[in-house]
Amino acid sequence: MWRGLWTLAAQAARGPRRLCTRRSSGAPAPGSGATIFALSSGQGRCGIAVIRTSGPSSGHALRILTAARDLPPARHASLRLLSDPRSGEPLDRALVLWFPGPRSFTGEDCVEFHVHGGPAVVSGVLQALGSVPGLRPAEAGEFTRRAFANGKLNLTEVEGLADLIHAETEAQRRQALRQLDGELGHLCCGWAETLTKALAHVEAYIDFGEDDNLEEGVLEQADMEVRALEVALGAHLRDARRGQRLRSGAHVVVTGPPNAGKSSLVNLLSRKPVSIVSPEPGTTRDVLETPVDLAGFPVLLSDTAGLREGVGLVEQEGVRRARERLEQADLILAMLDASDLASPSSCNFLATVVASVGAQSPTDSSQRLLLVLNKSDLLSPKGPGPRPDLPPHLLLSCLTGEGLDGLLEALRKELAAVCGDPSTGSPLLTRARHQHHLQGCLDALGHYKQSKDLALAAEALRVARGHLTQLTGGGGTEEILDIIFRDFCVGK
Ligand SMILES: Nc1nc2c(ncn2[C@@H]2O[C@H](COP(=O)(O)OP(=O)(O)OP(=O)(O)O)[C@@H](O)[C@H]2O)c(=O)[nH]1
Ligand SMILES: [K+]
Ligand SMILES: [Mg+2]
């Protein structure tokens, strides 16, 4: 017991430490290892190409290529003549930027060369860098890996950076930027801190339970913290699929009876002739999938065979595939011919597909459906509208384009519900990995509540916290002692 107290006092004397360190366990120390270089802008002819280096020999390489004794002022663009150190031959007049570590992207000494983007200039500068002792070409992702190892980015931020580079739509860019800004990471760090506190309370009770000086109600406090965390985790997990859909694309499936104009709509939305359109019913048989940007959201749009019974073998297989794809849809675009609503195939479609999806209670995981009545150009302007008993629907003419703006607006709203709005609300979980760790954390909290034994309860909290630190790529377990002392006084 007294030895324990002494250790606590010794820990406290070292002063408070940051709880949620970005530094990964086992990472090499900053500045160690080789200096790497690479072309960081795209391949091929371009106006300006950016070549960068990272590592301890960066400054040396910059001095050698600019044939200068001094380094340029830090973080300022300077115009310099670059020459090949072996032959002295001029390579380019370029802007150079010197970023001494740790105030750089990777945390190491870095240099950026902004050169003219011709292939000969780029390869000349790369070869010149390769000839400098201590420099070698970077491997894929090595700059970011060094930034992570040096605590410049945590794992979720690294993922955000990768997503930002790959973002193709506006909504994807917004989501990636938020993750790169560290929102998800900060949230997890906050949760991990809560667990560290709860664990500190439980461990203090294990160590000093009979000690009169221990504050009362420590265990109740830990229980309360765990309960609040469970609620927060549950809310995020309910949201889980949306961020992933936004990252990889929502599945939107166009379905309906033959000849409703499904393929015409797919071609209209994707602005290219993906599917064959013809007056012959049963034209589309295979599922045709095309990636499109719909109102800023990434979508995998599928055209499918018209649903009908009693047709030839090939079309039957098409209908089977269409139904299968329909089950995977996040959003169903159900299409009917507005001028043909009384036909058996239209009535059957309304009674089966539309009615069954419409009957689902609107939870986050349930499918959503938009009913579209196409060929509105065939309705007589003075005649009665479509059947009065229809569920909510939109009128469209793929032929004239009338109603397309309304459909796009409706799609935007539906997709925002399916993918989540990346500019508002809590940060979304963008990968299965995030969901796995949050679920793991929640499960461990369940074990905590069930354990009668305090040692097992503490272990469950450790497992729960481990999931959160793994989510941000961090490690470390010692911070707990700091908390014991900072949060309440043992033996005051
Ligand atoms: N008048 C009119 N005709 C349309 C409209 N949209 C499509 N069509 C015509 O309707 C016919 C069927 O169109 P498709 O796009 O092939 O219909 P589909 O639903 O894909 O048909 P299947 O693949 O056979 O199930 C074609 O002749 C189109 O030109 C529209 O808005 N107005
Ligand atoms: K057709
Ligand atoms: Mg078709």
Side-chain angles (χ1 to χ4, degrees), residues 251-292 294 299-329 331-354 357 369-387 390-411:
H251 288 271
V252 176
V253 179
V254 185
T255 184
N259 259 3
K262 301 179 294 298
S263 301
S264 305
L265 178 62
V266 166
N267 293 349
L268 196 64
L269 291 178
S270 61
R271 291 180 226 98
K272 53 181 188 255
V274 176
S275 299
I276 299 174
V277 168
S278 95
E280 193 179 309
T283 306
T284 307
R285 269 94 189 274
D286 288 312
V287 174
L288 292 166
E289 196 175 70
T290 182
V292 286
L294 279 186
V299 161
L300 269 179
L301 185 63
S302 298
D303 188 12
T304 60
L307 301 177
R308 64 170 165 178
E309 309 294 335
V311 284
L313 279 181
V314 179
E315 204 178 329
Q316 259 177 43
E317 174 60 16
V319 171
R320 192 194 64 75
R321 291 181 187 201
R323 291 191 194 283
E324 196 177 74
R325 179 54 58 102
L326 208 52
E327 279 170 22
Q328 300 161 6
L331 171 63
I332 295 171
L333 272 178
M335 191 171 225
L336 286 168
D337 180 339
S339 67
D340 185 42
L341 292 175
S343 72
S345 61
S346 292
C347 293
N348 190 34
F349 181 74
L350 278 169
T352 53
V353 177
V354 177
V357 175
L369 182 141
L370 270 182
L371 181 59
V372 180
L373 305 188
N374 186 34
K375 309 196 188 182
S376 62
D377 55 288
L378 295 182
L379 299 176
S380 104
K382 294 208 185 73
R387 284 166 37 176
L390 280 179
H393 56 266
L394 296 152
L395 277 178
L396 173 75
S397 168
C398 289
L399 190 73
T400 65
E402 194 165 354
L404 185 62
D405 287 346
L407 175 62
L408 284 174
E409 180 51 26
L411 276 169

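Each ligand, and each atom within it, is numbered from 1 in the order the structure gives.
Asp303 places no side-chain N or O within 3.5 Å of a backbone atom of Glu289 that could act as its donor or acceptor partner. Ser346 contributes a side-chain N or O that, together with a main-chain N or O of Asp340, makes up a donor-acceptor pair within less than 3.5 Å. Between the side chain of Asn267 and the backbone N or O of Pro273 there is no donor-acceptor pair closer than 3.5 Å. A donor-acceptor pair under 3.5 Å is absent between the side-chain atoms of Lys262 and the main chain of Leu333, judged by distance alone.
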Evaluate the criterion side-chain hydrogen bond (donor to acceptor under 3.5 Å, both in side chains) for residue pair Ser376 and Ser397; output intermediate values, then yes/no. CA-CA 5 Å; Ser376 62; Ser397 168; 4.6 Å; no
Report the C-alpha distance between Val372 and Leu336 in whole Å, list the side-chain angles of each, state the deciding distance to 0.1 Å, and finish with yes or no for side-chain contact (heavy atoms from CB on, under 4.5 Å). CA-CA 6 Å; Val372 180; Leu336 286 168; over 6 Å; no
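When the shell of 6.0 Å around CD of Glu317 is examined, it contains more than 12 heavy atoms from other residues, nucleotides or ligands.
Taking distances strictly below 3.4 Å, the protein N/O/S atoms close to the K ion (ligand 2) are Asn259 OD1, Ser278 O, Glu280 O, Thr283 OG1. If you look at the Mg ion (ligand 3), the protein N, O or S atoms less than 2.8 Å from it are Ser263 OG, Thr284 OG1.
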List the atom pairs, donor and acceptor, that lie under 3.5 Å between side-chain atoms in residues 276-283 and the rest of the protein, sequence neighbours left out.
residue	atom	partner	partner atom	Å
Ser278	OG	Glu280	N	3.0
Ser278	OG	Thr283	OG1	2.9
Thr283	OG1	Glu280	O	2.5

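Proximity of Leu341 to Leu390: side-chain heavy atoms (C-beta onward) are separated by under 4.5 Å at one or more points.
Taking each heavy atom of Leu394 and Leu407 in turn, the nearest pair found is CD1-CD1, 3.8 Å. When every heavy atom of Val319 is checked against every heavy atom of Gly306, the shortest pair comes out as CG2-O, 3.5 Å.
Ordered by chain and residue number, the residues placing a heavy atom less than 4.0 Å from ligand 1 are Pro258, Asn259, Ala260, Gly261, Lys262, Ser263, Ser264, Val277, Ser278, Pro279, Glu280, Pro281, Gly282, Thr283, Thr284, Gly306, Asn374, Lys375, Asp377, Leu378, Ser397, Cys398, Leu399.
Between Lys375 and Asp337 there is a salt bridge, since a side-chain N of the basic residue sits under 4.0 Å from a carboxylate O of the acidic one. Using a cutoff of 4.0 Å between basic side-chain nitrogens and carboxylate oxygens, Arg321 and Glu324 are not scored as salt-bridged.
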